[in-house]
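Notes for the one structure printed next.
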Amino acid sequence: MDSCVIPLRHGGLSLVQTTDFFYPLVEDPYMMGRIACANVLSDLYAMGITECDNMLMLLSVSQKMNDKDRERVTPLMIRGFRDAAEEGGTSVTGGQTVINPWIIIGGVASVVCQPNEFIMPDGAVPGDVLVLTKPLGTRVAVNACLWIDQPEKWNRIKLVVTKEEVKEAYQEAMFSMATLNRTAAGLMHKFQAHAATDVTGFGLLGHANNLAAQQRNEVAFVIHNLPIIAKMAAISKACGNLFNLLQGTSAETSGGLLVCLPREQAAKFCSEMKSQSSGAGGLGVAGGAWIIGIVEKGDRRARIIDKPRIIEVPPRGSQAANPDNSSSSPAPSPNLS
C-alpha cells in the first residue's frame, strides 16, 4: 500500500505513516521543497486521509556546493517544504540533515486515525470508473526543458514543439507536482471511492497494476483516456521508446490520485475537483480531474487500450487554458543566478 497502517493498542485507533525522498528535478529550490512535501503527503491522501498530525523532514546537503550556494539554496528548500506542510494543515517538527555528495529532500508523514478516516485500497467492483486527478507528462516536460540548451537532443523534438511551449509545459509540470492531493482525498469520502493510489515513479500503468493486484474482487482496470500536459505526447512519440508515456510506464513525480469511483459518482467528483482547483488559494491543477477508464471483471491486472484517447491539457497561463486556473498559482522563488 502507499502507507503502512498499524493498529494501536488504544481505542481502535491506527497509526498511518509513510516516507519518501528523492533528488531535485526542478531548478527552483523553493518549489523543489514544496514538491517534496506534496509527494510525501500524497501517500496519505491516496488513502482518503486529509489530516496529517506530524511531519519530519529528511535533507541531504551536497558537499560539492560552495558555502554561498549552500546558504542560499538550503533555506529555500526548507521553506518550500514547510509552506506546503502548512498548506496541508500540518507542521514539520524535526527531521535529519546530513552532508552527502547529492542533494536529497523528503520526509515522513504520520497520523493517528479512526477507521472511518481512511479508505483501504481494495474495494473496487466491476462497473466502477477510473479517475485521474493530475495530468501525466511531468518527466517529459522536465527533460524537454533541459534539452533546450542541448542541441543534439533538442533537434529530436524541435519539429513537434516550440521552446515557448516547452517552457510553459515545464511550468505546468512544476506547479502540478507541487499541488497537494488533499482536495481529492476529501472528495473520495464524499463520493464513496472504493480504492485509490497515487501515480509516481512506476508510471500510470505500473501503479494501476499495483492497485488492481490488491483488490478483494476479481477485477481488471482498462484505461481508455490519457490526460497529458499539452505537447508532451508529441515529444514522447518523437523520442521513440525513451519515455513510454503513451504506454503508461513513464515515471511521474508527485502525480495525481488514481481513484476507483462508483459510475454514478465519477462525473460529480470531476466537476467538484475542477471547481475547487480553480478557486482561490493553493496551487490549483489546470483541469481538475478526468475519467480515464473502467473497472471490469478480470484477473487483477491493468491495461491501456491499443489506441487510447489523448486529452491535451493546456498549461495554466497559456492562451488555451482557462485564465481562472492561473490566478491561484504562487510565484516561484526569485532566480538565483
Side-chain angles (χ1 to χ4, degrees), residues 1-5 14 16 42-49 115-137 181 184-228 233 244-252 255-274 287-311 313:
M1 295 192 301
D2 292 299
S3 301
C4 62
V5 180
S14 295
V16 184
S42 194
D43 288 335
L44 298 184
Y45 298 147
M47 298 191 68
I49 295 170
N116 64 344
E117 293 182 272
F118 60 88
I119 298 171
M120 294 297 289
D122 59 2
V125 298
D128 278 354
V129 170
L130 301 174
V131 169
L132 185 65
T133 66
K134 289 184 185 180
L136 305 168
N181 282 318
L187 294 178
M188 284 171 59
H189 291 271
K190 181 175 180 178
F191 296 105
Q192 295 92 49
H194 291 151
T197 188
D198 63 330
V199 178
T200 52
F202 294 119
L204 174 63
L205 186 60
H207 287 283
N209 264 315
N210 289 344
L211 187 62
Q214 294 176 28
Q215 300 310 304
R216 297 192 307 268
N217 297 310
E218 293 182 354
V219 296
F221 297 168
V222 183
I223 297 170
H224 301 92
N225 303 321
L226 298 176
I228 297 174
N244 285 328
L245 179 59
L246 303 187
Q247 291 73 37
T249 57
S250 181
E252 304 289 334
L257 299 189
L258 175 64
V259 187
C260 301
L261 288 159
R263 179 179 297 273
E264 65 274 14
Q265 302 286 11
K268 300 174 188 175
F269 178 96
C270 292
S271 177
E272 190 147 343
M273 274 293 298
K274 184 172 184 177
W290 301 264
I291 293 173
I292 66 165
I294 60 171
V295 178
E296 61 184 22
K297 290 183 179 180
D299 56 358
R300 295 188 178 89
R301 295 183 183 179
R303 66 181 178 89
I304 299 174
I305 64 171
D306 289 340
K307 294 182 179 180
R309 173 184 170 226
I310 306 303
I311 303 171
V313 181

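Position 1 is the first residue of the sequence, and the numbers go up from there. Note that the structure is a prediction, hence the values are computed from the model and not measured.
Atom CD of Gln265 and atom CG of Leu187 lie 11.0 Å apart (nearest 0.5 Å). Between atom CD of residue Glu264 and atom CZ of residue Phe269 there is a gap of 14.5 Å, rounded to the nearest 0.5 Å. Put simply, CD1 on Ile49 and CG on Leu44 are 5.0 Å apart, with the number rounded to the nearest 0.5 Å.
Closest heavy-atom contact between Ala124 and Cys260: CB-SG, 4.0 Å. The shortest heavy-atom contact between Leu132 and Pro227 is CD2-CG, 3.9 Å. Of all heavy-atom pairs spanning Phe118 and His189, the tightest one is N-CE1, 4.2 Å. Shortest non-hydrogen contact noted between Ala233 and Ile228 is N-CG2, 3.9 Å. Among all heavy-atom pairs drawn from Pro262 and His194, the shortest one is CG-CE1, 3.8 Å. The two residues Ala267 and Ile291 come nearest to each other via the heavy atoms N-CD1, 4.3 Å.
Applying the side-chain hydrogen bond (donor to acceptor under 3.5 Å, both in side chains) test to Ser3 and every residue at least two apart in sequence or in another chain returns nothing. For Lys190, the side-chain hydrogen bond (donor to acceptor under 3.5 Å, both in side chains) partners are Glu272, not counting sequence neighbours. By the side-chain hydrogen bond (donor to acceptor under 3.5 Å, both in side chains) test, Ser250 pairs with no residue at all, sequence neighbours left out. With sequence neighbours excluded, no residue forms a side-chain hydrogen bond (donor to acceptor under 3.5 Å, both in side chains) with Asn225.
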- Message: Quick one, Met120 with Gln214, criterion side chain to side chain contact (heavy atoms under 4.5 Å, CB included). Give me CA distance, side-chain angles, the key distance, then yes/no.
- Response: CA-CA 10 Å; Met120 294 297 289; Gln214 294 176 28; over 6 Å; no
- Steps toward side chain to side chain contact (heavy atoms under 4.5 Å, CB included) verdict (Val5, Met47): CA-CA 10 Å; Val5 180; Met47 298 191 68; 3.6 Å; yes
What pairs of donor and acceptor atoms, side-chain ones from residues 296-310 against any protein atom, are under 3.5 angstrom apart with sequence neighbours left out?
residue, atom, partner, partner atom, Å
Arg300, NE, Gln215, O, 2.8
Arg300, NE, Asn217, O, 3.4
Arg300, NH2, Arg216, O, 2.9

Could you go through residues 197-206 and list every donor-acceptor pair under 3.5 Å that involves a side-chain atom there, pairing it with any protein atom two or more places apart or in another chain?
residue, atom, partner, partner atom, Å
Thr197, OG1, Asp2, OD1, 3.2
Thr197, OG1, Asp2, OD2, 2.9
Asp198, OD2, Ser42, OG, 3.4
Thr200, OG1, His207, NE2, 3.1

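A donor-acceptor pair under 3.5 Å links the side-chain atoms of Asn181 to the main chain of Gly255, judged by distance alone.
When the options Asn209, Leu130, Ile292 are evaluated for a side-chain contact (heavy atoms from CB on, under 4.5 Å) with Phe221, the one that passes is Leu130.
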